[in-house]
2 protein chains.
Amino acid sequence: MKIEEAIQQKAFKDIYNKAVVNLLYTQSYIVSKQSSLFKPFGLSPEQYNVLRILKGQNGNPITVSSIQDRMLNKMSNASRLVEKLKQKGFINREECPRDRRQVDVVITDQGMEVLKQLEEKIHSLNRELIQLNEEEIGQLNNLLDRLRE
Amino acid sequence: MKIEEAIQQKAFKDIYNKAVVNLLYTQSYIVSKQSSLFKPFGLSPEQYNVLRILKGQNGNPITVSSIQDRMLNKMSNASRLVEKLKQKGFINREECPRDRRQVDVVITDQGMEVLKQLEEKIHSLNRELIQLNEEEIGQLNNLLDRLRE
DNA sequence: ATACATTAATTGTATATACATTTATTTGTT
DNA sequence: AACAAATAAATGTATATACAATTAATGTAT
């Protein structure tokens, strides 16, 4: 659907403005669908993001600030997200012995299990969300990478 | 900057997944820069969005639910955003005479003034945010429109 | 060794998002 | 007219974002 229809705006100031609006709207479109998928599993999109980062560690612990650096939203509060995931039993947290300021975080079996249950659903959702052929997806990834300087 | 560097992730499951992540990351990148620009004016990005919708009405009132329909984030709470803007003196709100369930919202002179002050800054920011040539921006807008079915 | 700066994580506070519920009003049906 | 259904906005509550401030531990310079 054209962005003009989606937000009922007849015209944009210029194509730069239209591109910004289009990117913001598209993100909202994606996140709302992801939220619906995650909800039955007790996860928000950002909590899921943290679990994926932990899974990517292959069992090695990672500190809260390293999680923060790898998050999609650099301003989100990794400390509080980790606390939420701990309450749900999806992660464990323990003091790092070499530097007691730091906290080592690892995903639990229960956390791995919820990711496993989500895997196929997310695979499908991604295909549903991105209605482009492979060449176009390559173009899109390229444009987005270059857009950010 | 390539998305792999930006979030320190070596590889993605597939290009669909990479595209989703790239879109979410790019939005966060844009919103954080917009927030910094709006902050000195006492506006959040979504509050600015509401003011722009009102300005687009050319003086005609618009109801809260129509604002909601036109917002970039369909899940945001137009009622509360309107209340915040009212407190700041940027909008006026009054009962719609033909249907007392509805509320007519209009931008104030003060609201128009803050948009005017922001106009040139946003123009520059948009150019800074979207580091692509005009042809590429056209491609990007096209891909985003088609991506959403 | 002490003092000072730096770093890591947590906490506080305000705002925003997400979604369900409530209240008031209008519309539609009989 | 009476009543149920639909609609518009506001409100309640939980979570998340944004950013400042705090606490605790470590690093560095003298």
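Model, not experiment: these values are computed from the prediction. Residue numbers start from 1 in every chain, and the chains themselves are labelled A, B, ... in the order their sequence lines are given, proteins ahead of strands.
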### Task
Give every residue pair that meets the salt bridge (charged side-chain N to carboxylate O under 4.0 Å, His left out) criterion with at least one member in residues 33-47 of chain A, sequence neighbours excluded.
A:Lys33-A:Glu128
Atom [atom1] of [X] and atom [atom2] of [N]: how far apart are they, to the nearest Å?
| X | N | atom1 | atom2 | answer |
| --- | --- | --- | --- | --- |
| B:Lys33 | D:dC19 | NZ | P | 14 Å |
| A:Gln102 | C:dT10 | CD | P | 11 Å |
| B:Ile62 | D:dA8 | CD1 | P | 13 Å |
| A:Arg93 | C:dA8 | CZ | P | 17 Å |
| B:Glu83 | D:dT11 | CD | C1' | 12 Å |

List every contact pair, protein side and nucleotides 21-26 of chain C side both N or O, where the distance is under 3.5 Å.
| residue | atom | partner | partner atom | Å |
| --- | --- | --- | --- | --- |
| C:dT25 | OP1 | B:Arg100 | NH2 | 2.9 |
| C:dT25 | O2 | B:Arg101 | NH1 | 3.3 |
| C:dT26 | OP1 | B:Arg100 | N | 3.2 |

### Query
Using a distance-only test with no angle check, is there a side-chain donor-acceptor pair under 3.5 angstrom linking A:Lys88 and A:Gln47?
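Yes - a donor-acceptor pair under 3.5 Å links their side chains.
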### Query
Along nucleotides 11-20 of chain C, 5' to 3', which nucleotides get a B, which get an S, and which get a -, given that the test is a protein heavy-atom distance under 4.0 Å?
BBB--SSBB-
Quick check: closest heavy atoms across [X] and [Y], and the distance to 0.1 Å?
| X | Y | result |
| --- | --- | --- |
| B:Gln34 | A:Val20 | NE2-CG1, 3.6 Å |
| A:Ser66 | A:Ile62 | CB-CG1, 3.4 Å |
| A:Lys86 | A:Ile91 | N-CG1, 3.4 Å |

### Task
Check for a donor-acceptor pair, side chain of B:Asn49 on one end and backbone N or O of B:Leu72 on the other, with a separation under 3.5 Å.
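Yes: the side chain of B:Asn49 pairs with the backbone of B:Leu72.
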### Task
Counting Watson-Crick and G-U wobble pairs only, both distances under 3.5 Å, name the nucleotide matched with C:dT17, or none.
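Pairing partner: D:dA14.
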### Task
In plain terms, say whether A:Arg127 and B:Asp14 are close enough for a salt bridge, that is, a side-chain N and a carboxylate O under 4.0 Å apart.
yes
### Query
Does the salt bridge (charged side-chain N to carboxylate O under 4.0 Å, His left out) test come out yes or no for A:Asp109 and A:Lys116, once each step is laid out?
CA-CA 10 Å; A:Asp109 290 347; A:Lys116 196 175 161 202; over 6 Å; no
